[in-house]
Number of protein chains: 2
Amino acid sequence: MRPVTVYDIAREANVSVATVSRVLNNTAPVKKETRERIVALMHKHQFQPNALARSLSRKETGMIGFILPDITNPFFPEVLSGFDYEARKLGYTYFLCDTISTNEENERLYDRQYERESQYLSLLMEKQVDGIVIIGGRVDLAKPGEELAREVEEAAKRVPVLLLNGNLPQTHLNRIAADQKLGAQLAVQHLIDLGHRDIAVIGGYAKMTNTQQRLLGFRTAMKEAGLNVRKEWVLTEGFSVQKGQEFASRLLGAKRRPSAIFCMNDLLAIGALKAAHRLGIRVPEQLSIVGYDDIPQATYSIPELTTVSLQSQEIGRQAAKTLDKMIAGKKVPRLQSIMPELIVRETTAPFTEPSA
Amino acid sequence: MRPVTVYDIAREANVSVATVSRVLNNTAPVKKETRERIVALMHKHQFQPNALARSLSRKETGMIGFILPDITNPFFPEVLSGFDYEARKLGYTYFLCDTISTNEENERLYDRQYERESQYLSLLMEKQVDGIVIIGGRVDLAKPGEELAREVEEAAKRVPVLLLNGNLPQTHLNRIAADQKLGAQLAVQHLIDLGHRDIAVIGGYAKMTNTQQRLLGFRTAMKEAGLNVRKEWVLTEGFSVQKGQEFASRLLGAKRRPSAIFCMNDLLAIGALKAAHRLGIRVPEQLSIVGYDDIPQATYSIPELTTVSLQSQEIGRQAAKTLDKMIAGKKVPRLQSIMPELIVRETTAPFTEPSA
DNA sequence: ACCCAGGATGAAACCCGTTTCACAAACAAA
DNA sequence: TTTGTTTGTGAAACGGGTTTCATCCTGGGT
């Protein structure tokens, strides 16, 4: 059966569609009895206005595109849930756009992310979304002037784009980001305060600005404490539990090993925890570990992870609020910094000389 | 600047919009040079067809609504990622609809889920989605004839609706679901085979059909082995790590305690693991634990969880494929059962008499 | 030379709302 | 009573595509 339209209602109520539209949107006064007659008919027929038609003429859709790299990475659901909370309050719905590729074996492939990201960018624009938020992915990687960055900037000319946690350098795009450098400094300073001197870092991708920022924070804290960074204790290219286990095994298997490891995210930290366990190294007594992100899983492990909270939900909420303002044409600050916070739990302890 | 439309292209190419539309969709032959001229103009102006307008006349949007209860529960991102994979291949985009409510303190509230679910149902229909998939939430709870169930069925008359893992009894709606009873049986049988006789179950919600099914599987396996179920060892109402810890503490703190715990999901199992650890009970030597769902986090814990895999990604993939068929008007089986699989890892071991 | 099947194309209707404009009626102020 | 402002309403244009129908051409078959 054909869905009922304003025309059907109008005909049956002996009014014009204009009037029906008016009661639908309360956009102009309608005589009380006329209104009631129309409302009754709407209920009777379970009238649901066609949002496509409405959006087409209104030139606004109430739809947002949310581009993220990998929904199975628990960090993203966290920010997404914060975003969802505000977005819904503001009356938006959103498309979820995951830029990761998986092959038939469910292995995650990060190589085609760029391609996917720009595909989504134009797809979303065709769908006439009111705004786009991008977290992770290319915005973390692109260098100024690069083709990739240009595409995003191009899109931003046609529709509000908000970057989360990204770090597209030298861009005029609005962003909300945690201070990555500070977060790393917090973590490393904590280890130093506990008396650690042999500190390693694992994870991240050397090309990602986020990683670079955190590495910078790490180096800064080390330098200020007069400690030097051994380059074989800086292991990058990876963000998974798997990788964390791998990196930590390598670190802990060597003759000289660090007494503390700073991990670029919690997944890596969990991997490090596993590696230590396999090698019979007790955490935190013999090895301190600090994670990053404070995903819910950080409290699932035994011992629970000491980590740097990026306030993921808060970022998501801010994102929704800010994008809404941008859509409304209001001015918003170019960069909103979210202060990271160190959450001390159970994987860090004062340094003690190995008894053996 | 106003976006460029088919009319703009048509005017500049000295053709009618019909012709432009034809080259856009390859829907009828167009003279080669005309086509080339039009294509060139499209590129020149970076023409992007307005998907709203297109959908409005085509009466299909390529949009799907995906309703789930809580994206921060890692089970859902898993099925979502499987769904994403296929949906994208088939050319769909989807709205993510999270039915959980959170208050300002980010606490999750499940009480208003119903309301949210029906709001989303009509919202999605207004947005003219081509189909809707619902996982968890009301479809797990509703009894036949109930108001809630009716709403879903009502929606299903207007747009294809697919239920995942739900168990709306006596409904004619299409569903894809893992065999919950079998999954539980597998888990419990495994424990019994290992020599356990004192087995407890924790988690779930008594009103959820899923929980009921699993409980049924549990009881069946116990009965077949001639074991009886102690009712103080059946603890329901909860699905979180927190709850798991609580339940397990209660169980393990009692004078008489089980030698094995079957958990209604992996989060609970992780909680149980933590409780055991706090109480100094070694897993799996002194206590075996089996989870359910096989979320990625099941391998993050130490020891790694033995669990029942629901093949979450697979369910998601099937969902996309099936919904696509439904949208195309093809017949699909009323119920597709996904076989659960027991994944034996490190939290289960043969029963041994307590040495003390 | 004649007929017919495509090929190529345009005019116009259609999808379903919103919004502008015009106009009549009702009511208030002067 | 006259003028000015609301209230109440409809006709029609609009948003940006798709699709049907009609028309004109062209090449192949006989």
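Everything numeric here is computed off the predicted structure, so don't read it as measured data. Within every chain, numbering begins at 1; the chains are lettered A, B, ... in the order of the sequence lines, protein sequences first and strands thereafter.
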[X] [atom1] to [N] [atom2], straight-line distance once rounded to whole Å:
{"X": "A:Glu33", "N": "D:dG8", "atom1": "CD", "atom2": "P", "value": "10 Å"}
{"X": "B:Glu60", "N": "D:dG17", "atom1": "CD", "atom2": "C1'", "value": "13 Å"}
{"X": "A:Glu36", "N": "D:dG8", "atom1": "CD", "atom2": "P", "value": "13 Å"}
{"X": "A:Arg37", "N": "D:dG8", "atom1": "CZ", "atom2": "C1'", "value": "12 Å"}
{"X": "B:Asp8", "N": "D:dG17", "atom1": "CG", "atom2": "C1'", "value": "12 Å"}
{"X": "A:Lys127", "N": "D:dG16", "atom1": "NZ", "atom2": "P", "value": "17 Å"}

* To do: Quick one: which residue pairs count as a ring pair (Phe, Tyr, Trp, His ring centres under 6.0 Å) with a foot in residues 26-46 of chain A, not counting sequence neighbours?
  =>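 Listed by first then second residue: nothing to list.
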* Asked: What pair of heavy atoms forms the shortest contact from A:Leu173 to A:Ala156, and how long is it?
  ->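 A:Leu173 and A:Ala156 have their closest heavy atoms at CD2-CB, 3.3 Å.
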Heavy atoms only, 4.0 Å cut-off, all strands: where does [X] land among base, sugar-phosphate and nothing?
{"X": "A:Thr27", "result": "nothing"}
{"X": "A:Ser55", "result": "nothing"}
{"X": "A:Asn14", "result": "sugar-phosphate"}

Can you find a heavy atom in the side chain of [X] that is under 4.5 Å from one in the side chain of [Y]?
{"X": "A:Val161", "Y": "A:Leu323", "answer": "no"}
{"X": "B:Leu96", "Y": "B:Leu80", "answer": "yes"}
{"X": "B:Ile338", "Y": "B:Gln318", "answer": "yes"}
{"X": "A:Asp8", "Y": "A:Glu12", "answer": "no"}
{"X": "A:Leu52", "Y": "B:Thr61", "answer": "yes"}
{"X": "B:Phe95", "Y": "A:Met63", "answer": "yes"}

* To do: Over 60° means perpendicular and under 30° means parallel, so classify the ring planes of A:Phe66 and A:Tyr94, tilted if in between.
  => tilted
Between the main-chain N or O of [Y] and the side-chain N or O of [X], is there a donor-acceptor pair closer than 3.5 Å?
{"X": "A:Ser21", "Y": "A:Val17", "value": "no"}
{"X": "A:Ser81", "Y": "B:Thr72", "value": "no"}
{"X": "B:Asn25", "Y": "B:Thr27", "value": "no"}

Is there any protein nitrogen or oxygen under 3.5 Å from a nitrogen or oxygen in nucleotides 14-18 of chain C, and what are the pairs?
| unit_1 | atom_1 | unit_2 | atom_2 | d |
| --- | --- | --- | --- | --- |
| C:dC15 | O3' | B:Lys59 | NZ | 3.3 |
| C:dC16 | OP1 | B:Lys59 | NZ | 3.0 |
| C:dG17 | OP1 | A:Asn50 | N | 3.3 |
| C:dG17 | OP2 | A:Val6 | N | 2.8 |
| C:dG17 | O5' | A:Asn50 | N | 3.4 |
| C:dG17 | N7 | A:Tyr7 | OH | 3.2 |
| C:dG17 | O6 | A:Tyr7 | OH | 3.2 |
| C:dT18 | OP1 | A:Asn25 | OD1 | 3.2 |
| C:dT18 | OP1 | A:Asn25 | ND2 | 3.0 |
| C:dT18 | OP1 | A:Arg54 | NE | 2.8 |
| C:dT18 | OP1 | A:Arg54 | NH2 | 3.0 |
| C:dT18 | OP2 | A:Ser21 | OG | 2.7 |
| C:dT18 | OP2 | A:Asn25 | ND2 | 3.1 |
| C:dT18 | O4' | A:Ser57 | OG | 2.7 |

* **Contacts of type salt bridge (Lys or Arg N to Asp or Glu O under 4.0 Å), residue B:Glu126, not counting sequence neighbours** =>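 B:Glu126: no salt bridge (Lys or Arg N to Asp or Glu O under 4.0 Å) contacts found.
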* At under 4.0 Å, does any side-chain N or O of A:Thr19 touch on OP1 or OP2 of D:dG10? ->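 Yes, within the criterion.
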* Terminal axes of the helix from C:dA1-D:dT30 to C:dA30-D:dT1 (five pairs each): angle between them, nearest 10 degrees -> 30°
* Can we say B:Asp324 and B:Lys330 salt-bridge, meaning some charged N sits less than 4.0 Å from an Asp/Glu carboxylate O? -> no
Review item, nucleotides 25-29 of chain D N/O atoms under 3.5 Å of protein N/O:
none

Nucleotides 5-7 of chain D: which of its N/O atoms have a protein N/O under 3.5 Å away?
none

